[in-house]
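Working notes, beginning with the structure itself.
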Amino acid sequence: MQRLTRELFEHLSLGLGLHGSAMAEAFGGDGLVFLQKINFYPPCPQPELTLGVAPHTDMSTLTVLVPNEVQGLQVFKDGQWYEAKYVPDALIVHIGDQIEIFSNGAYKAVLHRTTVNKEKTRMSWPMFVEPPGELVVGPHPKLVTEESPAKYKAKKYKDYQHCKINKLPM
Ligand SMILES: O=C(O)CCC(=O)C(=O)O
Ligand SMILES: [Fe+2]
C-alpha cells in the first residue's frame with residue numbers, strides 16, 4: 001500500500017511539472033495515515049428509492065478501494081453518472097480533496113456515490129490515504145501564479161475535516 005501510494009504520488013507530482021517527491025513531502029512523508037473502512041450495503045427491496053452512499057468527494061489525498069463483485073459505485077463526469085465497472089482483482093483509485101487542493105484545481109476530486117442491489121449484499125473496502133491531522137495542506141507554491149491565483153485556503157487537515165463534516169465554510 002505504501003509503495004503503491006508512493007508511486008502514484010510520484011507520477012501525479014511529475015504530471016504537475018513538480019519534483020517527483022513533491023506530493024509525498026506535502027502530505028507528511030512517513031507520517032501519512034492509512035485509514036481502512038469497510039462498507040456493508042445489505043440488499044434493499046426498493047433500490048430505486050435510495051442510495052448506499054450519497055454523492056460526495058473523499059477528503060483524503062487518494063482512496064484505494066476494493067469492491068466485491070456486486071455493481072454499485074458510480075462516478076459523475078460531464079453532467080452524468082457512470083457505473084464504475086467491477087473488474088476482478090482491480091483496484092479503484094479516487095483522487096480526493098487534498099490532491100485537488102495541492103494541485104490548485106489541476107486535478108479534480110472525483111464525485112461519486114453508490115447504489116444498492118435488490119438481492120445481493122454489496123461490500124467495499126476503501127483505504128483512505130490521509131495527511132496527519134496537524135499538517136497544513138494548501139496549493140503548492142509553484143502552482144499559484146498571477147494568472148492562476150490560489151483557489152483554496154491552506155488548512156490543517158484536521159480543520160479541513162471539521163469544516164467539511166460540519167458543512168462549515170472552507
Ligand atoms: O462503496 C463504494 O464503492 C464507495 C464508498 C465510498 O465512497 C466511501 O466510503 O467513501
Ligand atoms: Fe467515497
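Ligands are counted one by one from 1 in listed order, and the atoms in each one are counted from 1 as well.
- Across all their heavy atoms, L135 and G28 have their closest contact at CD2-N, 3.6 Å.
- Of the heavy atoms in H112, only side-chain atoms (C-beta onward) come closer than 4.0 Å to ligand 1.
- Considering backbone and side-chain atoms alike, T114 places every N or O at 3.5 Å or more from each N or O of ligand 1.
- Scanning the protein for heavy atoms near atom 10 (O) of ligand 1, the closest one is H56 NE2, 3.1 Å.
- Residues K37 and T63 bring no donor and acceptor atom of their side chains to less than 3.5 Å of each other.
- Counting heavy-atom neighbours within 6.0 Å of K151 NZ, excluding the residue itself, gives a total above 12.
- Geometry at the Fe ion (ligand 2): OD1/D58 and NE2/H112 form an angle of 90°, nearest 10 degrees.
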Inset, instruction - Could you go through the salt bridge (charged side-chain N to carboxylate O under 4.0 Å, His left out) check for E10 and R6 one step at a time? - result: CA-CA 6 Å; E10 184 181 346; R6 206 180 320 119; over 6 Å; no

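- Residue contacts with ligand 1 do not include M123, since none of its heavy atoms lies under 4.0 Å from the ligand.
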Legend entry - Verdict with reasoning, M1 to V64, per side chain to side chain contact (heavy atoms under 4.5 Å, CB included): CA-CA 9 Å; M1 203 44 214; V64 181; 3.5 Å; yes

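- Ring planes of H140 and F102: perpendicular class, angle over 60° (limits at 30 and 60°).
- At the shortest separation from atom 3 (O) of ligand 1 among protein heavy atoms lies R122 NH2, 2.9 Å.
- When each atom of ligand 1 is checked for a heavy atom of D58 under 4.0 Å away, the hits are 10 (O).
- Close approach of ligand 1 to S124 is summarised as follows: ligand atoms under 4.0 Å from at least one heavy atom of the residue are 1 (O), 2 (C), 3 (O).
- Contact record, Y157 with P132: CB-O, 3.7 Å, taken as the closest heavy-atom pair.
- Looking at I92 against ligand 1, nothing comes within 4.0 Å, counting heavy atoms.
- Side-chain contact of Y160 with D97: a donor-acceptor pair under 3.5 Å is present, judged by distance alone.
- In terms of distance to the Fe ion (ligand 2), the nearest N, O or S atom of H56 is named NE2.
- Residues P43 and E119 approach most closely at CG-O, 3.4 Å, considering heavy atoms.
- Residue-level proximity to ligand 1 for F40 is absent, since no heavy atom of it falls below 4.0 angstrom.
- The nearest heavy-atom contact from the protein to atom 8 (C) of ligand 1 is K37 NZ, 3.6 Å.
- Every atom of ligand 1 with a heavy atom of N39 under 4.0 Å away is listed here by number and element: 1 (O), 5 (C), 8 (C), 9 (O).
- Near Y41, the atoms of ligand 1 lying under 4.0 angstrom from a non-hydrogen atom of the residue are 1 (O), 2 (C), 4 (C), 5 (C).
- The L65 neighbourhood of ligand 1 comprises atoms 2 (C), 3 (O), 4 (C), with distances under 4.0 Å to a heavy atom of that residue.
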